[in-house]
2 protein chains.
Amino acid sequence: MVTLAEVAQHAGVSASTVSYVLSGKRSISMATRERVERSIQQLGYHPNAGARALASSRSNIIALMVPLRTDMYVPVMMEIAIAVATTARAHGYDVLLLTGEEGPAAVRRIAGSSLADAMILMDVELHDERLPLLLETERAAVLIGLPAETDGLTCVDLDFEATGALCVEHLAGLGHREIAVIGEAAAVYDRHTGFAERTMDGVRTKAQQTGVRVLHRPCDGGYAAMERTLARIFDERPGTTGFIVQNESAVEPLLNLLRQQGRAVPEDVSVVAICPQQLASEASVRLTSVAIPAQEMGRRAVEQVVAKLGGRGTDEVELLAPELTIRASSGPAPVR
Amino acid sequence: MVTLAEVAQHAGVSASTVSYVLSGKRSISMATRERVERSIQQLGYHPNAGARALASSRSNIIALMVPLRTDMYVPVMMEIAIAVATTARAHGYDVLLLTGEEGPAAVRRIAGSSLADAMILMDVELHDERLPLLLETERAAVLIGLPAETDGLTCVDLDFEATGALCVEHLAGLGHREIAVIGEAAAVYDRHTGFAERTMDGVRTKAQQTGVRVLHRPCDGGYAAMERTLARIFDERPGTTGFIVQNESAVEPLLNLLRQQGRAVPEDVSVVAICPQQLASEASVRLTSVAIPAQEMGRRAVEQVVAKLGGRGTDEVELLAPELTIRASSGPAPVR
DNA sequence: CTGAAAGCGCTAACAG
DNA sequence: CTGTTAGCGCTTTCAG
């Protein structure tokens with residue numbers, strides 16, 4: 001292990017000079033800087049993370065709490081996590097991966113031990129147990145998702161309310177008058193995850209404005225569940241011509257079943273999905289969709305966190321505007 | 001920030017005593033132990049991670065390098081990552097999330113800075129650039145995946161060779177004489193990711209033994225790619241009755257296209273998948289499959305790493321035995 | 001069974 | 001522009 005002292009000696013300067021060359025926190029003459037840098041290279045020096053953290057009380061680590069559950073669409077989580085990790089690196093931070101398993105205790109542990117300078121929480125529930133602790137700790141934090149009460153919190157999320165409205169608007173504009181929303185698994189609603197409910201708020205409001213009738217059905221993944229759900233929908237509302245799907249693992253089952261039942265997409269029924277762009281364009285019917293901007297969310301969360309750590313804090317809710325891309329799954333409502 | 005010194009004072013003992021209460025590295029009288037523990041509770045003390053790392057030269061952090069690419073099946077990666085994180089916590093370690101982005105440099109950085117005590121590498125290529133560095137650093141490390149040269153390395157992986165053989169054996173046993181393997185995207189093979197090639201080794205060997213003809217075609221995800229691939233296969237080998245699919249995003253397209261072409265599964269063609277259990281059981285046809293034991297792989301990797309850190313090192317290759325589960329997608333070859 | 005004290009490697013005043 | 005020095009909070013000998 002090469003130490004800073006050894007570098008200093010090798011370069012014929014004091015330890016502090018080496019430190020300042022590294023941090024750039026005071027001006028160094030061209031000559032010594034170069035000498036020091038050469039020594040660093042030659043000796044293969046890397047500053048010791050623990051020592052640095054102790055002395056500066058900054059670990060340059062951001063903790064990321066990902067949900068443990070598997071009933072959410074995993075690729076989105078992963079995409080966010082990767083975006084967080086790469087963006088963090090670009091700002092000189094490493095990312096500590098925490099699973100929801102430890103629950104609120106993790107917040108205490110990380111904050112208490114100064115292991116991380118800041119935290120990013122994913123999969124935030126409306127009344128999340130971790131939030132009170134987070135507010136106590138005084139550590140920089142950003143939520144990906146939106147809880148019921150956002151006072152003193154910084155949040156980043158897709159504007160799901162606008163998303164729901166946008167989907168209804170699109171279908172209504174095409175003349176659809178009866179719409180069914182196929183939602184996440186019931187457990188997601190029970191847990192009061194914000195985004196699912198917010199989407200429905202937007203859907204209902206816009207439906208009222210446009211005079212569209214809406215039916216909302218949670219749905220588990222897989223074919224069996226989808227089959228039951230679909231049967232119920234057409235039972236209760238035979239005139240349904242528009243679908244909004246907010247459940248990645250229901251997309252393909254839905255399309256398959258509609259096909260089996262002889263309902264052509266988009267001639268007989270239109271489908272609008274709320275899902276990652278890739279899924280929408282690779283489905284068996286290229287789906288009109290509102291994309292979930294996973295990368296953007298991860299990136300913005302880190303940028304917010306970094307801003308806070310730099311003192312340029314903003315306790316704000318940042319909602320990303322939804323964008324609807326029209327593909328092959330939506331068209332004019334059939335004339336009856 | 002409560003410090004150990006404050007706890008010591010509060011409990012009326014020396015700092016070292018508190019430290020030893022925490023580490024259990026020497027015997028403490030019942031009385032003082034309780035007093036100290038009470039003080040820790042009351043003051044809400046958490047040991048400072050940086051100080052601890054500095055003094056003990058152990059960070060209690062395991063670095064996990066996940067691939068940046070998105071052409072691999074993401075849920076498996078995520079499942080491994082989560083298993084790693086939870087298993088690590090159970091052993092008192094936290095997990096640092098590194099993306100492939102930094103490449104080999106990350107190995108140097110982490111090892112050099114003593115940020116992590118050990119590393120787990122995922123998505124190892126046959127001739128991985130990170131391996132030479134890893135061998136130099138003398139840090140504990142475990143690979144998830146199998147490179148060409150495993151000397152001095154500890155690896156955990158599914159036995160893909162046995163997996164390939166097992167799939168062929170199953171189909172051959174059902175009387176299939178012409179088999180097609182639908183593989184990962186061509187890029188995966190170009191990169192010489194070990195598992196894909198090893199699967200084919202097993203497939204070819206067993207095919208030879210059982211007198212089965214094999215055709216291997218890489219395939220990108222999505223319907224368009226699958227359609228081309230399938231057309232080519234039936235062009236070249238019209239008698240193909242068995243499929244082995246090792247590409248999660250090709251599974252559903254394959255099933256759909258076979259259906260469209262009027263080929264019944266499993267009456268006309270049998271399909272065996274190599275994929276996560278969940279995907280197999282939720283597909284539009286319940287798939288006979290060899291499961292990818294993601295959790296088990298993550299768990300074993302951590303256990304190996306922890307063993308190494310504890311001095312009970314084992315430079316070994318641990319291959320998990322494949323298990324084939326028969327579901328509804330495979331059956332006797334049709335009589336011609 | 002418990003204390004005292006010497007660092008671990010680095011940062012950041014404080015001096016010049 | 002550079003050096004000296006006092007810690008950061010903890011672990012771990014060395015004494016007792």
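Atom set for the values below is all heavy atoms of this structure, side chains included, hydrogens, waters and symmetry mates excluded. Please read these numbers as outputs of a predicted model, since none were measured by experiment. Order of the sequence lines sets the chain letters (A, B, ...), proteins ahead of strands, with each chain counted from 1.
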field: Residues B:Q304 and B:T314: side-chain donor-acceptor under 3.5 angstrom
entry: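 Yes, B:T314 and B:Q304 have a side-chain donor paired with an acceptor closer than 3.5 Å.
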- prompt: If we ignore angles and hydrogens, is there a donor and acceptor under 3.5 Å between the side chains of B:S16 and B:S19?
  reply: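 Looking only at side-chain atoms, B:S19 and B:S16 do not form any donor-acceptor pair under 3.5 Å.
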task: Could you point out which residue of B:V66, B:L64, B:L143, B:V142 forms a side chain to side chain contact (heavy atoms under 4.5 Å, CB included) with B:L121?
output: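 So the option named by the test is B:L143.
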Any residue of residues 24-45 of chain A with a heavy atom less than 4.0 Å from an atom of DNA chain C: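 A:K25, A:R26, A:Y45 - these, ordered by number, are the residues of the stretch whose heavy atoms sit under 4.0 Å from the strand.
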task: For B:V13, report the nucleic acid contact type (base, sugar-phosphate, nothing); a contact means any heavy atom under 4.0 Å.
output: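 Answer is sugar-phosphate: B:V13 comes under 4.0 Å of backbone atoms only.
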- prompt: Contact class for A:S16 vs. all strands (heavy atom < 4.0 Å): base, sugar-phosphate, or nothing?
  reply: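 The answer is base, as A:S16 lies within the cut-off (heavy atoms under 4.0 Å) of a base atom.
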Taking atom [atom2] of [N] as reference, at what distance in whole Å does atom [atom1] of [X] sit?
| X | N | atom1 | atom2 | answer |
| --- | --- | --- | --- | --- |
| A:R58 | C:dT11 | CZ | C1' | 13 Å |
| A:R52 | C:dC8 | CZ | C1' | 16 Å |
| A:L54 | C:dG7 | CG | P | 17 Å |
| A:E6 | C:dC8 | CD | P | 11 Å |

query: Is there a donor-acceptor pair closer than 3.5 Å between any side-chain N or O of A:E6 and the backbone N or O of A:T3?
result: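 Yes.
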query: Is any side-chain nitrogen or oxygen of A:S56 closer than 4.0 Å to OP1 or OP2 of C:dC10?
result: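 For A:S56, the contact criterion (side-chain N or O under 4.0 Å from OP1 or OP2 of C:dC10) is not met.
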message: For a quick test of reading the model: is some side-chain N or O of A:S19 closer than 4.0 Å to OP1 or OP2 of C:dT11?
response: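 Indeed, a polar side-chain atom of A:S19 lies that close.
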message: Counting only heavy atoms from other residues, nucleotides and ligands, does the tally under 6.0 Å from CZ of A:R108 exceed 12?
response: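 No, the 6.0 Å shell around CZ holds no more than 12 heavy atoms from other groups.
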task: Give me the first and last nucleotide of DNA chain D, going 5' to 3', that has any atom under 4.0 Å from a heavy atom of chain B.
output: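 The contact span of chain B on DNA chain D goes from D:dG9 to D:dC14.
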query: With a 4.5 Å limit on heavy-atom distance, are the side chains of B:L98 and B:L96 in contact?
result: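 Yes; the side chains approach each other to less than 4.5 Å.
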